[in-house]
Amino acid sequence: VAGQIQIDRLYTLADFEAAANQQLNFMASEYLKAGIAGEVTLRENRAAFERLRLLPRLFEDVSAIDTRLTLFGREHASPILLAPVGYQKIFHPEGELASVEGGNLSNTTFISATFASFTIEDICLRAKRPAWFQIYVQNDRGFTQELINRGVTSGCEAICITADTPVNGPRERELRAGFHLPPGVERANLRSLGSTLANAPHRNIYTPIRAANVTWKDLEWIRSICKVKLLVKGILNPKDAVRAVECDVDGIIVSNHGGRGLDTVPATIDALPAVAEAVSDRVPILMDSGIRRGTDVYQALANGATAVLIGRPYLHGLAVAGAAGVARVMEILRTELEMTMGLMGRARLSDISTQTGL
Ligand SMILES: Cc1cc2nc3c(=O)[nH]c(=O)nc-3n(C[C@H](O)[C@H](O)[C@H](O)COP(=O)(O)O)c2cc1C
């Protein structure tokens, strides 16, 4: 099979990125690549990982390396999840359904975006392991509650409230590429709001499909109505992490939205240690933004994360080969993590210590 041969010849996530850029049209590849404004944070997400160094220990028995993680009572093949990314039909006709299938193939949890191009019901029907659902709080809080309930009823294990984008930033790369929702791509979860909102362009400061007046009171309210695990995504400031824990969330996601929120904020790997110290093991900390190598996953865990999410890399896999591409990206990254653990002298995730540094 041509596709099969092709992905077997892709050895790194960077190989997938290059292959995806050859396949995608200009608008799609620019939308995926884009950071915000001058893309300082987008570059810094990579630069910060590349500045870090590992210091291995020798003569440890690493004959049985094990990347399995139990999180919220469920076993994950590795501490890596698939981040919420909107409009995946732009990258592949099967969109999110193929990504979920890639998750099935690799025992990886898929987090659906509010702005997915398939409904949360359709996505959960495909998911062999419970998906998570990312929520952008809507101006209509009743509709927000409806979205959360739809996710829970469909079998989602967790709700992630994305908090880092109350307004839009200057997405000049997208504007230059003429980004728009192509025919056949919609915000399927928002269908009931009518096509004007479901297809609203969001190019101004405010957008009709993400509320700008969300406060901690809303988070408390969401906690009171949300019967599954609740996480806040987009935390960088330790003070916000503490505040979120005080609102009784089950986890936090340290993220700068892959460099797409506010430009010039720190790389997440640099923000993570202070957040981890402030949270001090009260809830699990997940992190994303810039993870491309097994050594990056290792550094995240060594700096206080329980697990990580990847965004763009699995969309590259999706663009190149659908579900099989997503699964291959996961296989590459998990294998690199295993190799890193072995070479570091740490056979189990619990051996990766934040106390002793690495
Ligand atoms: C094209 C694209 C669309 C995204 N859409 C969403 C979204 O709808 N909701 C959300 O919470 N995060 C969204 N994100 C952010 C991702 O969830 C994640 O934080 C980020 O991609 C991680 O960085 P990475 O791409 O460097 O791995 C999006 C990211 C990209 C690249």
Side-chain angles (χ1 to χ4, degrees), residues 13-14 16-17 20 24 27-36 39 41-49 80-92 95-96 99 109-118 120 123 132-138 147 158-166 168-169 171 173-174 177 179 181 185 187-190 202 207 209-210 214 231-236 252-262 265 267-269 271 286-293 296-297 300 305 307-319 326 329-330 333:
L13 273 46
F16 266 96
E17 179 175 7
L24 293 171
M27 187 200 86
S29 64
E30 289 289 290
Y31 166 60
L32 189 53
K33 187 181 297 171
I36 210 72
E39 301 184 336
T41 295
L42 178 74
R43 289 188 295 273
E44 182 68 1
N45 281 338
R46 285 305 310 145
F49 275 121
I80 308 168
L81 290 83
L82 302 173
V85 166
Y87 320 128
Q88 295 191 13
K89 264 194 189 176
I90 288 178
F91 309 112
H92 188 275
E96 288 82 0
S99 295
T109 293
F110 177 77
I111 310 177
S112 173
T114 296
F115 299 158
S117 40
F118 288 91
I120 189 65
I123 287 168
W132 294 9
F133 193 17
Q134 174 266 329
I135 296 287
Y136 279 129
V137 175
Q138 301 291 302
L147 280 174
I159 298 290
C160 307
I161 306 294
T162 298
D164 58 8
T165 38
N168 291 321
R171 295 196 164 179
R173 188 187 286 275
E174 281 180 21
F179 179 77
L181 293 185
V185 183
R187 299 182 186 95
N189 289 314
L190 307 193
H202 53 179
T207 162
I209 47 176
R210 288 195 319 253
V214 184
L231 298 93
V232 174
K233 176 171 183 279
I235 286 178
L236 292 171
I252 65 172
I253 305 177
V254 174
S255 172
N256 58 36
H257 218 108
R260 296 164 83 92
L262 170 65
V265 300
T268 50
I269 190 65
L286 283 67
M287 80 89 91
D288 72 22
S289 300
I291 290 186
R292 301 293 181 267
R293 284 283 191 181
D296 302 334
V297 180
V308 302
L309 326 179
I310 54 168
R312 295 177 185 85
Y314 84 87
L315 282 310
H316 297 140
L318 176 70
V326 173
V329 162
M330 285 303 301
L333 195 56

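Predicted model, so just to flag it, every value in this text is computed and none were measured. As the structure lists them, so they are numbered: ligands from 1, and atoms in each ligand from 1.
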Inset, instruction - Would you please classify the geometry between the Phe179 ring and the Tyr87 ring as parallel, tilted or perpendicular, with 30° and 60° separating the classes? - result: tilted
Legend entry - Closest approach of any protein heavy atom to atom 4 (C) of ligand 1, naming residue and atom: Val85 CA, 3.7 Å
Inset, instruction - Check each atom of ligand 1 against the heavy atoms of Ala113 and keep those under 4.0 Å away; list them by number with element. - result: 8 (O)
Inset, instruction - Could you check if a side-chain atom of Pro313 sits within less than 4.5 angstrom of a side-chain atom of Phe16, using non-hydrogen atoms only? - result: no
Legend entry - Residue Gly86 vicinity, atoms of ligand 1 by number, heavy atom under 4.0 Å: 3 (C), 4 (C), 5 (N), 8 (O)
Legend entry - Ile161 and Lys233, any side-chain heavy atoms less than 4.5 Å apart: no
Inset, instruction - Decide whether the shortest distance between a heavy atom of Tyr87 and an atom of ligand 1 is less than 4.0 Å. - result: no
Legend entry - Tyr31 and Phe91 aromatic ring geometry - parallel, tilted or perpendicular at 30°/60° bounds: parallel
Inset, instruction - Check each heavy atom of Arg292 against ligand 1 and say whether those closer than 4.0 Å belong to the side chain, the backbone, both or neither. - result: side chain
Inset, instruction - Report the nearest protein non-hydrogen atom to atom 7 (C) of ligand 1: residue, atom name, distance rounded to 0.1 Å. - result: Tyr136 OH, 3.5 Å
Inset, instruction - Report yes or no: does Asn45 have a heavy atom closer than 4.0 Å to ligand 1? - result: no
Legend entry - Derivation and outcome, salt bridge (Lys or Arg N to Asp or Glu O under 4.0 Å), residues Arg46 and Asp296: CA-CA 9 Å; Arg46 285 305 310 145; Asp296 302 334; 2.9 Å; yes
Inset, instruction - Return a yes/no value for Ile310: is any of its N or O atoms, backbone included, closer than 3.5 angstrom to an N or O of ligand 1? - result: no
Inset, instruction - Name the closest protein heavy atom to atom 18 (C) of ligand 1, giving the residue it belongs to and the distance to 0.1 Å. - result: Asp288 OD2, 3.3 Å
Inset, instruction - For ligand 1, note which part of Thr162 has a heavy atom under 4.0 Å away: side chain, backbone, both or neither. - result: side chain
Legend entry - Shortest protein heavy-atom distance from atom 12 (N) of ligand 1, along with the residue and atom involved: Lys233 NZ, 3.0 Å
Inset, instruction - Just let me know how His257 lines up against ligand 1, side chain, backbone, both or neither, with a heavy-atom cut-off below 4.0 Å. - result: both
Legend entry - Option of least heavy-atom distance to atom 1 (C) of ligand 1 (set: Arg187, Arg312, Arg210, Arg260): Arg260
Legend entry - Those atoms of ligand 1 less than 4.0 Å from some heavy atom in Tyr31: 1 (C), 3 (C)
Legend entry - salt bridge (charged side-chain N to carboxylate O under 4.0 Å, His left out) partners of Arg293, counting only residues at least two apart: Glu336
Inset, instruction - Using a 4.5 Å cut-off on heavy atoms from C-beta on, say whether the side chain of Glu174 contacts that of Arg260. - result: yes
Legend entry - Per-atom contacts, ligand 1 versus Ser255 - under 4.0 Å to a heavy atom: 19 (O)
Legend entry - Residues Arg173, Glu39: salt bridge by 4.0 Å N-O rule: yes
Legend entry - Short N or O distance, Gly311 and ligand 1, threshold 3.5 Å exclusive: yes
Inset, instruction - Of all the heavy-atom pairs spanning Gln134 and Thr114, show the shortest one and how long it is. - result: O-OG1, 2.7 Å
Legend entry - Location of contacts on Pro84 toward ligand 1, heavy atoms closer than 4.0 Å: both
Inset, instruction - Start with the C-alpha gap between Ser255 and Asp288, add the side-chain angles, then the distance that decides, and say whether side-chain hydrogen bond (donor to acceptor under 3.5 Å, both in side chains) holds. - result: CA-CA 5 Å; Ser255 172; Asp288 72 22; 2.7 Å; yes
Legend entry - Non-hydrogen side-chain atoms of Val265 and Asp164 separated by less than 4.5 Å: no
